[in-house]
Amino acid sequence: MLEEAKLLDDDIDGSAERKTWGTQINVDGTVYATSLFWQPLQNASDPFQEVEEASAGVLEGADLFCIKGGKAPQFGICVSHEGYQSGENVAAVALATALSNVGSFVAVFKTNQGWWYTCIRNDIILSDGDMLFLTEEEAKEQFMSMLAVPDWGKKIAPKEWGIEETEEMDLGALLAKGAKSRLQKIKGLRGTKLLMVVVVSAVVGIWLLSTLVDKLFLTPTVRPVIAPVRPKVVPKAAPVVEEVKPWDKLPDPASIMKNCHKGAMDLSKIMPPGWSIGPVTCNGGTAATTWARNVGRVSWATKALEDSQLNFSGYNFTPNGNMLSATLNLPAVEKRLSAPEKSLTDLQNELNDKFQSLGLNISISSGEVKSSNSKSTGKSYKYLVFSFNSEYNPITWIELLTKYSGLEIRVIRYSPSDRTWHYEGAIYVL
């Protein structure tokens with residue numbers, strides 16, 4: 001039924017197991033196909049050869065496809081017996097074109113049929129970046145694994161997930177303004193191929209008819225000159241989209257720690273009369289905090305911010321005028337290659353030993369980011385997640401933390417009330 005996601009079955013070791021992903025979503029009464037396998041398209045003017053070769057090799061048995069145009073043309077393929085139908089709209093193309101001004105985004109939309117995960121990097125739909133998960137847990141796990149990759153133009157997720165720096169968007173409105181691309185059948189003969197077969201067949205037919213007439217009337221047989229058929233040119237294999245490793249362009253952790261230290265100190269110096277400051281949170285690009293009114297006034301707080309002469313991206317008061325929030329822009333941070341050097345076990349043991357010697361507690365867990373080509377390779381990148389509290393500022397911690405290659409500083413939080421610091425980050429491992 002169109003109102004339900006269609007599940008796919010595989011025969012594994014002789015027994016059928018139900019898939020955990022679906023093929024269709026119904027948005028505002030329109031059915032869209034999802035979970036296609038996407039590949040780069042080299043010849044947008046005549047795509048059928050590439051599509052047919054992919055259906056025979058990359059996704060054997062695929063008999064339906066669609067085209068995504070734009071800066072990075074692609075084609076998506078699927079198998080009709082898994083629940084797809086010719087003529088269906090394709091959700092990934094509509095969303096990619098609706099958000100074409102973004103370029104790179106990762107998103108999960110909650111639908112009546114499941115949680116649709118989409119991941120587009122540099123205008124390219126990743127091979128596993130179009131998936132309708134039937135369980136919220138799997139969709140959230142996939143989404144969280146991609147958050148470790150830097151430089152997303154947008155991060156879209158359900159509001160109830162409560163993930164920082166994400167926003168919820170109306171899927172129906174996005175798909176309605178996107179380009180329409182429909183599934184169509186993959187046929188064996190199209191365009192120049194079909195024309196070549198017709199021409200060759202006509203030439204052979206004329207030759208047979210001429211030969212028959214010569215024999216019937218006993219005239220000397222004149223064999224017509226037949227132009228040789230140009231041999232089929234095997235096209236070059238489509239280049240594989242270069243894998244974007246999460247540590248290829250990591251923000252310089254030393255710069256982030258310096259920026260966060262200065263930002264926290266600058267904000268904590270702003271003390272409007274009758275107002276008390278809360279914790280300062282820094283993520284590298286900005287530092288933000290709040291002030292709560294005790295006996296002060298809005299005009300006093302406004303003057304204190306203006307007198308600071310800091311580069312605020314914005315500040316605002318709550319409707320009752322009892323709370324003020326402000327965000328401070330920080331200097332840009334250069335990005336650099338910082339490949340991992342240690343295994344997860346070795347790094348974990350080393351960090352625990354170091355913090356034990358310092359008499360500090362550290363929280364450690366692990367995570368992984370799936371490769372953008374994981375549907376075919378199953379490759380993923382692992383990292384260690386850490387967090388700890390300390391009375392020492394970021395400048396003091398630079399030398400200790402930056403000796404670990406693959407380091408990413410995610411959050412630094414300063415509490416002016418007790419002058420303590422909280423650090424959160426990740427370190428990629430071999």
Side-chain angles (χ1 to χ4, degrees), residues 147 150 155 159 162-167 251-335 355 358-363 385-402 407-426:
L147 288 186
K155 303 172 186 176
K159 186 177 181 180
I163 302 175
E164 292 185 1
E165 299 182 2
T166 64
E167 59 180 308
D252 178 40
S255 297
I256 290 179
M257 296 170 80
K258 291 176 183 177
N259 284 351
C260 288
H261 176 255
K262 187 176 187 307
M265 293 297 97
D266 287 343
L267 288 174
S268 61
K269 290 176 183 177
I270 302 175
M271 296 182 290
W275 295 75
S276 57
I277 190 172
V280 180
T281 302
C282 173
N283 61 9
T286 60
T289 189
T290 59
W291 289 265
R293 190 182 76 88
N294 299 320
V295 294
R297 294 168 51 183
V298 168
S299 59
W300 300 347
T302 301
K303 187 175 187 305
L305 293 182
E306 293 174 349
D307 290 347
S308 71
Q309 297 184 345
L310 296 177
N311 180 27
F312 292 102
S313 61
Y315 63 86
N316 57 71
F317 293 89
T318 55
N320 60 13
N322 291 329
M323 187 71 70
L324 164 65
S325 61
T327 301
L328 179 66
N329 287 324
L330 300 177
V333 175
E334 292 186 358
K335 296 181 179 180
F355 275 78
L358 296 173
L360 297 175
N361 293 323
I362 182 171
S363 174
V385 181
F386 67 86
S387 65
F388 63 91
N389 297 320
S390 169
E391 62 181 1
Y392 298 112
N393 64 44
I395 304 301
T396 306
W397 281 102
I398 287 179
E399 183 177 355
L400 175 62
L401 293 180
T402 57
L407 171 67
E408 180 181 13
I409 299 296
R410 296 180 174 177
V411 175
I412 296 178
R413 187 176 297 111
Y414 175 61
S415 176
S417 60
D418 57 8
R419 298 183 179 180
T420 59
W421 297 82
H422 174 77
Y423 301 87
E424 295 180 17

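All values derive from a computational prediction rather than experimental measurement.
Separating the CH2 atom in W291 from the CD1 atom in I277 is a distance of 5.0 Å, to the nearest 0.5 Å. Atom OG1 of T396 sits about 11.0 Å away from atom CG of L401, to the nearest 0.5 Å. The OH atom of Y423 sits 9.5 Å away from atom CG of N389, with the distance rounded to the nearest 0.5 Å. Atoms CG and CZ, from L267 and F312 in turn, are 5.5 Å apart once rounded to the nearest 0.5 Å. Annotation: the span from I398 atom CD1 to M257 atom CE amounts to 5.5 Å, rounded to 0.5 Å.
Listed by first then second residue, pairs satisfying salt bridge (Lys or Arg N to Asp or Glu O under 4.0 Å) with a partner in residues 278-288 number zero, not counting sequence neighbours. Sorted pairs that involve residues 414-425 and meet salt bridge (Lys or Arg N to Asp or Glu O under 4.0 Å), not counting sequence neighbours, are lacking altogether. Residue pairs meeting the disulfide (SG to SG under 2.5 Å) criterion with at least one partner in residues 261-329, sequence neighbours excluded, are C260-C282. The list of side-chain hydrogen bond (donor to acceptor under 3.5 Å, both in side chains) pairs with a residue in residues 301-317, not counting sequence neighbours, reads K303-D307, N316-S325. Here side-chain hydrogen bond (donor to acceptor under 3.5 Å, both in side chains) pairs that include residues 265-275, with residues two or more places apart or in two chains, are K262-D266.
With sequence neighbours left out, F355 forms a ring pair (Phe, Tyr, Trp, His ring centres under 6.0 Å) with F388, W397. Legend: residues meeting side-chain contact (heavy atoms from CB on, under 4.5 Å) with N361, ordered by chain and number and at least two apart, are absent. Legend: residues meeting side-chain contact (heavy atoms from CB on, under 4.5 Å) with A292, ordered by chain and number and at least two apart, are S276, M323. D252 meets the side-chain hydrogen bond (donor to acceptor under 3.5 Å, both in side chains) test with S255, R336; sequence neighbours excluded. Partners of R413 according to the salt bridge (Lys or Arg N to Asp or Glu O under 4.0 Å) rule, which considers only residues two or more places apart in sequence or in another chain, do not exist here. For N283, the side-chain contact (heavy atoms from CB on, under 4.5 Å) partners are E165, T286, not counting sequence neighbours. Remark: K258 engages no residue in a salt bridge (Lys or Arg N to Asp or Glu O under 4.0 Å) (not counting sequence neighbours).
Smallest separation of non-hydrogen atoms from W421 and M265: CZ2-CE, 3.7 Å. Heavy-atom minimum distance, P272 versus A301: CB-CA, 3.7 Å. Between V298 and G321 the shortest heavy-atom distance is CG2-O, 3.9 Å. When all heavy atoms are compared, the tightest approach of A264 to V280 is CA-CG1, 3.9 Å.
At least one donor-acceptor pair under 3.5 Å links the side chain of R293 to the backbone N or O of G296. Between the side chain of T289 and the main chain of P279, a donor-acceptor pair closer than 3.5 Å is present.
Heavy-atom neighbours of M271 CE from other residues, nucleotides or ligands within 6.0 Å: at or below the threshold of 12.
With P394 as the fixed residue, the side chain to side chain contact (heavy atoms under 4.5 Å, CB included) test singles out one of I256, I409, I412: I412.
Taking 4.5 Å as the limit, some side-chain heavy atom of I163 sits within range of a side-chain heavy atom of L147.
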